[in-house]
Amino acid sequence: MASDSPLWPLLSEAPTAEDLARCVHCGLCLSSCPTYIVTGLEVESPRGRIHMAKLVNEGRSELTPAIQQHWELCLQCRACEAVCPSGVPYGRIQEHARAQLDHAAPKQRGQRRVRKFLLRNVIARPRVLAAAMAPARWYANSFARRLARRSGLLRGRLGAMESQLPRNVGRPYRPANTASPSAAATDETSSGVLFTGCVMGELFGNVHRATERVYARAGIDLRATPGQGCCGALHAHDGDLEFARKLARKNIAALETTTGPIVVNSAGCGAAMKEYGDLLSGDPKWASRAAAFAVRVKDSSELLNDFPGGSFEGRVAYQDACHLAHAQRIREQPRTLLGTLAGCSLVETPGADVCCGAAGIYSLVQSEMSGVLRQRKADQFAAARPDVVVTANPGCHLQYEAAVRQAGIPARVMHLMEVLDEAASSNSQQQD
Ligand code: SF4
Ligand code: SF4
């Protein structure tokens, strides 16, 4: 096969032979893989996708449209990685496989270019993102949304995009809006940095404010240091590793002069930032700074041993965000925190840790598979009838709002920090 074939990928960012060789083809990951569960096809399984990456790497296959399709149907949920006995770093493999597509996608090149442009020039640029979100915020909170939904016009891709807006969008939260650190904030054990991200600050400002209040009750003063920005997870997942590294360097430079933990309330961002050391390991100037930064990153559920609790009445279905359960291996802490709340009855739904189909921009670009996975969640909610569905990731939050609508139940969807905040404030109201 000629190396100048138009389908031949540039191999500089290809998955390493060492990573690929760790797969011993045992198949233990198959039953955890959502796309395998839905299709029953080997080519839509982790083992199948790794095999295809090997074929391409070793020059035994071109990067064909079919291989692109099988790779792109992967949710990058990393459920396979969490159960793999050989320690295959599937998330890293898939990001590097996508990087090959970034250079030499055999199909949908135009769509990929538009996506890359938007991820670089809208999502990663706070002012542009804020301007883009202003009309979306108006629409989400207006009667126009109810009319549009009743009209039946929101079908297919348009419907998928529309469902990516929360039920209500509160005030945005931006680092520059916050006051300077208090005197107490100089103490490393009682202070930290709130990571504000991109979409999270625009659409889920309420969650950031709730996180600050919850941490304040636990004796930790969080500040949202200016200069930080998008974590780069969406770019890395789409194969734009070069730009993801640029964003990682920007965040490291902005936050490395601060002290204390870097608290993240978005599972996808937290997973990406805990892996900055890996992302920048090939850059001699940044590798050690990235590794030092990564160890400071904590999910918002990790540091709340001193949270005083409160009361929260209702049946609560906690759903594991993939990048919290599978990438960060955090499953118990959120459940433990919910378990401390008086009146809170935890309802475990089957498959709580199976991907909901949100997966960053997956619900927009793979709307069919995303819809199948959302329907599975809707069926589980309809059977369990929780009062509240709890998550720790913005994309999942939106997907669950849609699933709850499909289930036809009046459940609220809340971030874990919002639940803790509401519980704690009900406590203080009782004491007043
Ligand atoms: S990825 Fe891991 S679990 Fe899956 S087939 Fe390979 S070695 Fe087995
Ligand atoms: S990341 Fe998720 S969807 Fe992709 S192969 Fe692994 S388990 Fe399947």
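Just so you know, ligand 1 is whichever comes first in the structure, and atom 1 is the first atom listed for that ligand.
- Of the protein's non-hydrogen atoms, Cys33 SG, 2.3 Å is the one closest to atom 8 (Fe) of ligand 2.
- Contact annotation: the side chain of Tyr318 approaches that of Leu346 to within less than 4.5 Å [non-hydrogen atoms, C-beta and beyond].
- Residue-ligand proximity, Pro46 to ligand 2, at heavy-atom distances under 4.0 Å covers atoms 5 (S).
- Heavy atoms of Ser45 stay at 4.0 angstrom or farther from ligand 1.
- Set against the non-hydrogen atoms of Gly27, the atoms of ligand 1 under 4.0 Å away are 5 (S), 8 (Fe).
- In this pair, Phe293 and Tyr276 present their aromatic rings parallel. The plane angle is below 30°, not in the 30 to 60° band.
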For this session: Might you work through the salt bridge (Lys or Arg N to Asp or Glu O under 4.0 Å) test for Lys274 and Asp299, ending with a clear yes or no?
Result: CA-CA 10 Å; Lys274 284 182 177 181; Asp299 178 69; over 6 Å; no
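- The closest heavy-atom contact to atom 2 (Fe) of ligand 1, among the options Cys80, Cys84, Gly48, comes from Cys84.
- With a 4.0 Å cut-off on non-hydrogen atoms, Arg78 touches ligand 2 through its backbone and not its side chain.
- Applying the 4.0 Å criterion to heavy atoms of Pro85 picks out, from ligand 1, the atoms 3 (S).
- Centroid-to-centroid, the aromatic rings of His237 and His323 come within less than 6.0 Å.
- The contact set between ligand 1 and Cys26, taken as ligand atoms under 4.0 Å from a residue heavy atom, comprises 3 (S), 5 (S), 7 (S), 8 (Fe).
- Ranking the protein heavy atoms by distance from atom 4 (Fe) of ligand 1 puts Cys29 SG, 2.3 Å first.
- Under a 4.0 Å criterion applied to the non-hydrogen atoms of Gln76, ligand 2 contributes the atoms 1 (S), 4 (Fe).
- Atoms of ligand 1 lying under 4.0 Å from at least one heavy atom of Ser86, given by number and element, are 7 (S).
- Here Cys77 does not reach atom 4 (Fe) of ligand 2: none of its N/O/S atoms is less than 2.8 Å from the metal.
- For atom 3 (S) of ligand 2, the nearest protein heavy atom (residue, atom name, distance) is Leu75 N, 3.4 Å.
- Atom CZ of Arg112 has more than 12 heavy atoms from other residues, nucleotides or ligands within 6.0 Å.
- With a 4.0 Å heavy-atom cut-off, ligand 2 is reached by the side chain of Tyr90 but not by its N, CA, C or O.
- Ranking protein heavy atoms by distance to atom 6 (Fe) of ligand 1, first place goes to Cys23 SG, 2.4 Å.
- Here the side chains of Arg137 and Glu202 are in contact, with some heavy-atom distance below 4.5 Å.
- Taking the side chain as every heavy atom from C-beta outward, Val316 and Val419 never approach each other to under 4.5 Å.
- Closest heavy-atom approach to atom 1 (S) of ligand 1 among the candidates Ile50, Val24, Val83: Ile50.
- The environment of CZ in Arg127 is sparse: at most 12 heavy-atom neighbours from other residues, nucleotides or ligands sit within 6.0 Å.
- For the pair Asp278 and Arg92, the salt-bridge criterion is met [side-chain N within less than 4.0 Å of a carboxylate O].
- Between Ser191 and Pro261, the closest heavy-atom pair is O-CD, 3.3 Å.
- Aromatic rings from Phe204 and His397 are positioned such that their centres are separated by under 6.0 Å.
- Looking from atom 5 (S) of ligand 2 to the surrounding protein, the closest heavy atom is Arg49 NH1, 3.2 Å.
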